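Here is the structure we will look at, set down as structure tokens.
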Amino acid sequence: MSKKPQLVRSKLPFSGRIVMFFIRHIQHAMASMGELWRNPVSSLMTMAVLGVSLSLPAALQVLVKNAEAITQSWNSAAEISLFIDDARSEKTIQSLISRVKVYSEVSEVHYINRDQALEEFQRLSGFGEAISYLETNPLPAVVTVTPTLKYSSPTGARELLKKLEQEPEVSFGRLDIEWLERLQAVVRLLERTVLAIAALLVLAVVLVIGNTIRLAIMNRRTEIEVMKLVGATEAFIQRPFLYTGIWYGVIGGILAWIIINILVLYLDSALAELLGLYGSQLQMETLTLVELGQLVCLASFLGWLGSYLSVRQHLRAIEPS
């Protein structure tokens, strides 16, 4: 009586198992890409939805970044006007200017005497003939002070203004920076808006991908049952679906980047015209390559997360009969 041959399982070395691990993952990644290619219409529609969903918070992020760049460029234009007491002589005013120039917080100092102030007012106001009837010059001398970059912010400029107003020759000072504070408040509001909308759209992306993977699982229910019958592990079964979610996220992130670039090109000329009215030559900044990588990584993670949640819920419900 002959004996049945015994099957001997050959064990791969550790390095071989690592190589096979990566090979299996590459195979599943390519297979999942093939599944998307075999259903191009539904796949492209899902990717387009993800791209549009991701482009909205990305567009707001670009808006915030450009608003911050504009704010920083205008911060350096903060200027303090010191109105000099009428009783002060030119020698006393020059002494004040010399002291102010020594301040470490001061970048530039310009002096406008009373005659220059009256001449400028006549030129800009349009009341030249009426002003010529005045017997005395009602305008004070003005010393304009430009803070250094460190003190060009609203808080730093106000601190410098308080310090300058303590000089005995200064009647009062003025810092016309309320508009800048309003702009910064708008930027802070935009930042919070970006976070709130991004959180909602992140949830929407996860739900869209989760529902798409659920439909894919239902369509392959029979195949999954057969795989479970022959002893396939859950990790082996769910891996293609996870890679499908990652592909959705990657391509959706790239589509979002393309949409953002198109929007920036569309709005750049209009923004340049607007900023030109304020003497600024800034151009709109788009997403950098680093930010593109961050967007794609975030989108791929969201794709994986939506797939994982859907797979864990629905694969357990499928059992071979």
Side-chain angles (χ1 to χ4, degrees), residues 64 66-191 271-283:
V64 170
N66 284 276
E68 289 177 345
I70 295 172
T71 303
Q72 291 175 359
S73 66
W74 284 341
N75 274 348
S76 59
E79 193 174 70
I80 298 173
S81 299
L82 302 177
F83 296 90
I84 309 303
D85 190 352
D86 293 341
R88 302 295 177 175
S89 64
E90 286 293 320
K91 183 178 180 180
T92 307
I93 296 174
Q94 292 299 325
S95 176
L96 167 67
I97 294 174
S98 299
R99 294 197 307 272
V100 171
K101 285 183 177 179
V102 180
Y103 282 26
S104 60
E105 303 95 333
V106 173
S107 174
E108 296 180 4
V109 179
H110 297 283
Y111 173 52
I112 303 174
N113 59 37
R114 299 180 65 189
D115 295 335
Q116 291 172 335
L118 182 61
E119 180 182 353
E120 184 177 355
F121 182 75
Q122 286 178 323
R123 186 177 69 255
L124 298 177
S125 65
F127 297 105
E129 295 183 0
I131 293 175
S132 62
Y133 290 102
L134 296 175
E135 296 180 358
T136 59
N137 186 354
L139 299 180
V142 180
V143 175
T144 61
V145 178
T146 302
T148 59
L149 183 61
K150 181 179 179 181
Y151 287 87
S152 61
S153 64
T155 303
R158 289 188 187 280
E159 292 178 0
L160 179 58
L161 175 61
K162 290 180 181 179
K163 184 176 180 180
L164 292 171
E165 284 181 329
Q166 295 176 1
E167 295 288 346
E169 296 86 357
V170 178
S171 177
F172 66 95
R174 180 171 179 79
L175 177 63
D176 189 14
I177 207 169
E178 287 81 5
W179 63 272
L180 184 57
E181 292 178 323
R182 288 194 291 269
L183 178 61
Q184 291 181 339
V186 171
V187 172
R188 289 193 293 269
L189 176 61
L190 284 175
E191 290 176 346
L271 181 64
E273 182 180 356
L274 175 62
L275 294 178
L277 299 176
Y278 294 90
S280 177
Q281 302 298 323
L282 290 176
Q283 293 182 341

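Treat the numbers as computed from the prediction; the structure is a model and nothing was measured.
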Check the pair Arg88, Glu167 against salt bridge (charged side-chain N to carboxylate O under 4.0 Å, His left out), reporting the backbone distance first and the verdict last.
CA-CA 12 Å; Arg88 302 295 177 175; Glu167 295 288 346; over 6 Å; no
Rounded distance [0.5 Å steps], OH in Tyr111 versus CG in Leu82:
12.5 Å
Rounded to the nearest 0.5 angstrom, the OG1-CZ distance for Thr144 and Arg174 is 15.0 Å
Using 0.5 Å steps for rounding, measure from the NZ atom of Lys163 to the CD atom of Glu105.
3.5 Å
Closest non-hydrogen atoms of Val145 and Pro147, given as atom of the first, atom of the second and distance, are O-CD, 3.6 Å
Hey, could you give me the CG/CD1 distance between Leu160 and Ile80, rounded to the nearest 0.5 Å?
4.0 Å
Got a donor-acceptor contact below 3.5 angstrom from the Glu165 side chain to the Gly173 backbone?
yes
Any side-chain heavy atom of Ile84 sitting closer than 4.5 Å to one from Pro140?
no
For Thr92, what residues pass the side chain to side chain donor-acceptor pair (under 3.5 Å) criterion, not counting sequence neighbours?
Ser89
CG of Leu164 to CG of Leu175, rounded to nearest 0.5 Å, is 10.5 Å
Any chance you could measure Leu161, atom CG, to Ser81, atom OG, to the nearest 0.5 Å?
9.5 Å
